[in-house]
Amino acid sequence: MPDGKQRHFPGPVTGAEIAAAIGPGLAKAALAITVDGAPRDLATRLSRDATVAIVTATSPEALEIIRHDAAHAMAEAVKELYPETQVTFGPATDTGFYYDFARDTPFTPEDLARIEQRMHEIVDRNEPVTREEWDRDRAAEFFNAIGEKYKAEWIHEIPKDEVISLYRQGNFVDLCTGPHLPSTGKLGHAFKLMKVAGAYWRGDARNAQLQRVYGTAWANEKELKHYLLQLEEAEKRDHRRLGKELDLFHVQEEAAGSVFWHPYGWTLYRTMEAYLRRRLAAANYAEIRTPQLLDRSLWIASGHWEKFREHMFTFAESDEKTLALKPMSCPGHIQIFKQHLHSYRELPLRLAEFGSCHRNEPSGALHGIMRVRAFTQDDAHIFCMPEQITSETVAFCRLLLSVYRDFGFEDVRVKFSDRPPVRAGADATWDRAEGALKAAVEAAGLPYTMNPGEGAFYGPKLEFVLRDAIGRDWQCGTLQVDFVMPELLDAAYIGEDGQRHTPVMLHRAIFGSFERFIAIVIEHYAGKLPLWLAPVQARVLTITSEADGYAEQVREKLAAAGLRVETDLRNEKINYKVREHSLDKTPLLLVVGKREADDGTVALRVLGGKDQEILALDAAVARLKDKARPPA
RNA sequence: GCUGCCGUAGCUCAGUGGUAGAGCACCCCCUUGGUAAGGGGGAGGUCGUAAGUUCAAUCCUUACCGGCAGCACCA
């Protein structure tokens with residue numbers, strides 16, 4: 001048992017019997033057991049010694065079982081209400097569950113309400129949930145006979161050495177490995193159906209599209225309520241909403257997938273760009289700029305035409321030339337590299353570009369400014385010798401982590417993506433690239449997880465995933481080792497031996513794209529940007545028009561000190577102005593009335609604070625100038 | 001791209017088979033008020049686009065465009 005004690009039974013016992021032997025309270029609370037760490041049904045009969053723990057609603061293993069049972073209850077409800085529906089898969093998720101149904105008629109929101117109602121009835125019926133193990137062919141026959149063709153199909157996919165188990169509750173029988181609760185009553189009522197959406201059978205767009213009904217499920221009502229509240233909070237910090245509220249940017253249908261940056265949003269953008277430009281310069285990158293439109297021949301040579309033409313915007317010209325808007329900057333950077341014959345002494349050569357790129361993303365992929373068709377990569381390519389991969393990777397990892405820290409992201413994970421099924425280059429080249437990158441990330445001292453088959457077509461990559469204030473993960477940075485493209489496009493340097501060699505190219509980005517990273521920063525801070533990033537850092541608010549002239553002096557002094565500052569001289573009450581500029585998340589409010597004008601002071605109120613502080617104007621300017629300074 | 005839902009004033013939304021309404025924002029007037037909404041008045045909309053049904057369409061039907069959610073995609 002978890003407490004280290006041993007319990008002995010004369011013969012085989014079930015989990016339920018073990019729980020009962022410990023105490024009647026536990027017997028009642030028991031939902032399942034774990035046997036040597038693996039979750040099992042409460043009815044599982046043990047005939048050997050094992051490490052056993054009783055799973056109750058508070059156990060970490062309980063939620064997944066509850067959610068999976070909720071999926072079954074939903075399937076049972078659907079089969080009762082809409083018997084013509086076929087069931088397919090219904091797993092637990094991080095916050096609940098879903099079940100994919102095959103049915104010609106779409107489920108309406110009213111249907112969802114009915115299904116949810118029926119689920120509650122099923123819980124109240126407290127139907128026993130029982131496990132049965134069936135012969136494979138008999139099970140397939142059974143599901144075919146009851147018209148569950150997807151289930152019957154799936155049975156043949158299950159490895160031969162696995163048992164075919166069915167779970168029965170009421171009149172509903174599902175193919176399932178389990179485990180499950182002992183009865184539907186144990187599920188409780190802390191669940192809610194959320195939405196219906198499309199999903200492909202077995203995740204493949206070529207297959208039939210099913211209807212996926214999503215629900216959320218929790219151990220108790222309190223947790224459910226907490227989760228629903230969290231959803232509301234997440235909605236409040238949605239960058240699309242804040243972009244509108246803070247007047248940062250907009251998108252409109254004539255330019256789907258492109259951003260209209262408003263003055264405040266563009267100020268934020270330029271502030272971040274200026275910051276990154278300083279960091280790159282300090283790390284010995286040279287900034288360049290390459291053309292937007294390039295002839296098809298270059299994209300054919302680079303391999304993009306063959307593999308990614310679908311995603312490129314192309315233009316046919318009258319003289320039979322075809323131009324393409326660049327979807328990435330790498331081939332352009334190689335052109336600059338090729339303008340000189342380079343010595344190995346010049347390497348590593350780091351070329352950076354805030355590269356404006358266009359990719360024709362599928363319409364369903366567009367999302368605010370996070371996933372767009374026109375975006376700007378903080379792209380750079382490091383041309384180096386193979387033996388420099390390690391030191392360059394280590395330096396890049398250090399730079400990236402430091403940049404992320406400056407934006408308030410401390411929790412960063414690294415994923416290693418190796419060769420994809422469709423790729424350029426020989427396997428030996430891939431062996432070399434993957435080996436070098438692995439050695440480098442290990443030298444950087446960063447733990448990483450594998451992401452098999454997810455590399456770029458020209459090489460393996462590291463992906464840097466940061467976690468935001470509400471626990472969501474975002475992949476932003478990347479570093480990719482490329483032995484292929486420099487060769488395809490004939491980049492070369494002269495080595496110590498006087499011979500021509502092909503350099504290795506490291507593709508790397510920290511933000512990924514400005515648009516996406518800005519969206520992440522906005523959501524991370526819920527719009528309450530740190531002082532150095534705020535588009536308007538300070539506002540001078542007048543109490544009466546008598547202070548207008550003085551307010552203008554205050555503004556000028558702050559502006560001269562480098563702050564972004566505006567005045568609000570409107571004929572409104574100070575309450576109104578404080579409220580308005582608290583809602584628009586101005587970090588600093590400087591209130592001035594007759595008293596301040598006479599004394600040469602300001603009343604400083606910091607966003608989120610309740611009080612104000614009276615300061616001499618010069619002292620305030622000195623202090624705020626210091627506080628508003630960007631990092632590094 | 002696929003499935004479902006949605007598209008009404010600058011914004012958030014209500015509404016009806018007989019050509020529209022609220023709050024906020026905007027403009028004007030009164031108010032000069034000391035830290036999260038002072039009062040009054042006014043202006044503002046070919047109801048996403050195009051066809052169709054109908055005596056009559058913002059409302060019903062279809063297509064298209066765009067948005068949202070999910071799936072697929074993300075070099």
Side-chain angles (χ1 to χ4, degrees), chain A residues 98 100 103 105-109 111-112 194-214 235 238 240-241 244-245 247 250-257 299 302-304 306-312 327-328 330 357 359-368 370-373 375 377 417 420 422-424 454-459 461 475 478 480 482 485 507 512-513 516 541-548 569-584 589-596 603-605 607-612 614:
Chain A
Y98 67 78
D100 287 346
R103 179 176 182 243
T105 324
F107 289 116
T108 64
D111 291 338
L112 285 203
M194 305 298 281
K195 58 202 165 201
V196 59
Y200 299 106
W201 167 237
R202 302 180 65 183
D204 191 324
R206 289 167 300 191
N207 288 341
Q209 189 153 30
L210 309 169
Q211 294 186 63
R212 175 171 297 180
V213 180
Y214 281 91
E235 206 174 302
D238 189 303
R240 294 164 298 185
R241 175 180 174 146
K244 209 175 277 178
E245 286 176 4
D247 197 15
H250 83 273
V251 289
Q252 65 184 47
E253 63 179 86
E254 289 83 353
W299 303 111
S302 71
H304 290 97
E306 185 193 344
K307 294 188 178 61
F308 305 111
R309 186 167 23 156
E310 300 295 294
H311 301 272
M312 292 166 66
M328 54 180 47
C330 351
C357 297
R359 297 179 187 177
N360 196 358
E361 302 285 0
S363 59
L366 302 180
H367 179 81
M370 249 190 227
R371 186 84 181 269
V372 286
R373 292 190 175 129
F375 58 96
Q377 288 182 319
S417 299
V422 180
R423 58 180 180 260
E454 294 294 318
F457 80 91
Y458 45 69
K461 60 184 181 185
Q475 195 228 301
T478 183
Q480 309 174 5
D482 185 357
M485 215 187 293
H507 308 245
S513 97
R516 179 178 151 85
L541 317 183
T542 50
I543 293 170
T544 68
S545 53
E546 279 178 306
D548 285 3
L569 309 182
R570 290 177 302 171
N571 177 10
E572 294 290 350
K573 289 206 159 71
I574 192 61
N575 290 26
Y576 182 91
K577 293 185 187 181
V578 166
R579 174 182 154 81
E580 183 156 307
H581 298 301
S582 299
L583 291 175
D584 72 21
L589 299 183
L590 290 85
V591 176
V592 295
K594 184 154 190 315
R595 282 210 297 272
E596 288 76 13
L604 176 67
R605 178 183 171 123
L607 179 60
K610 277 262 172 273
D611 314 317
Q612 50 279 347
I614 309 294

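Chain naming here is simple, since letters A, B, ... match the order of the sequence lines and numbering starts at 1 in each.
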Mind checking the [atom1] distance from [N] to [M]? Whole angstroms is fine.
{"N": "G21(B)", "M": "A43(B)", "atom1": "P", "value": "13 Å"}
{"N": "U53(B)", "M": "U58(B)", "atom1": "C1'", "value": "16 Å"}
{"N": "U62(B)", "M": "G10(B)", "atom1": "P", "value": "29 Å"}
{"N": "A56(B)", "M": "A22(B)", "atom1": "P", "value": "30 Å"}
{"N": "C13(B)", "M": "U54(B)", "atom1": "P", "value": "36 Å"}
{"N": "C29(B)", "M": "G23(B)", "atom1": "P", "value": "22 Å"}

Round to a whole Å and report the spacing from [atom1] of [X] to [atom2] of [N].
{"X": "M194(A)", "N": "G70(B)", "atom1": "CE", "atom2": "C1'", "result": "13 Å"}
{"X": "R371(A)", "N": "C71(B)", "atom1": "CZ", "atom2": "P", "result": "12 Å"}
{"X": "L112(A)", "N": "A69(B)", "atom1": "CG", "atom2": "P", "result": "17 Å"}
{"X": "L590(A)", "N": "G34(B)", "atom1": "CG", "atom2": "C1'", "result": "15 Å"}
{"X": "K594(A)", "N": "U35(B)", "atom1": "NZ", "atom2": "C1'", "result": "19 Å"}
{"X": "K573(A)", "N": "G34(B)", "atom1": "NZ", "atom2": "C1'", "result": "11 Å"}
{"X": "R516(A)", "N": "A75(B)", "atom1": "CZ", "atom2": "P", "result": "11 Å"}

What contact category does [X] fall into here, base, sugar-phosphate, or nothing, at under 4.0 angstrom with non-hydrogen atoms?
{"X": "H367(A)", "value": "sugar-phosphate"}
{"X": "I543(A)", "value": "base"}
{"X": "F457(A)", "value": "sugar-phosphate"}
{"X": "E596(A)", "value": "base"}
{"X": "R240(A)", "value": "sugar-phosphate"}
{"X": "L210(A)", "value": "nothing"}
{"X": "P109(A)", "value": "nothing"}
{"X": "G203(A)", "value": "sugar-phosphate"}
{"X": "Y214(A)", "value": "sugar-phosphate"}
{"X": "Y458(A)", "value": "sugar-phosphate"}

Of the options [options], whose atoms approach the side-chain atoms of [X] most closely?
{"X": "A365(A)", "options": "A75(B), G34(B), A72(B)", "value": "A72(B)"}
{"X": "P106(A)", "options": "U35(B), G38(B), G4(B)", "value": "G4(B)"}
{"X": "R212(A)", "options": "G70(B), G34(B), G38(B)", "value": "G70(B)"}
{"X": "Y200(A)", "options": "G1(B), A36(B), A37(B)", "value": "G1(B)"}

If we ignore angles and hydrogens, is there a donor and acceptor under 3.5 Å between the side chains of [X] and [Y]?
{"X": "S545(A)", "Y": "D548(A)", "value": "no"}
{"X": "Q252(A)", "Y": "H250(A)", "value": "yes"}
{"X": "E580(A)", "Y": "S582(A)", "value": "no"}
{"X": "Y214(A)", "Y": "R212(A)", "value": "yes"}

Check: Q252(A) side chain, G67(B) base, donor-acceptor under 3.5 Å: no
Under-3.5 Å donor-acceptor pair between R605(A) side chain and A36(B) base: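 Present.
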5'-most by nearest nucleotide on RNA chain B - V251(A) or L589(A): L589(A)
5'-most by nearest nucleotide on RNA chain B - Q211(A) or G368(A):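 Comparing both residues, the 5'-ward one is Q211(A).
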side-chain N/O S545(A) vs U32(B) OP1/OP2, d < 4.0 Å: no
Residue-phosphate contact under 4.0 Å: Y576(A) side-chain N/O, A25(B) OP1/OP2: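 Checking Y576(A) against A25(B): at least one side-chain N or O falls below 4.0 Å of OP1 or OP2.
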Partner nucleotide, any strand, of C11(B) [Watson-Crick/G-U, under 3.5 Å]: G23(B)
Watson-Crick or G-U wobble mate for A50(B), both contacts under 3.5 Å: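 A50(B) is paired, partner U62(B).
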Pair R240(A) + D238(A), salt bridge at N-O below 4.0 Å: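 Salt bridge present between R240(A) and D238(A).
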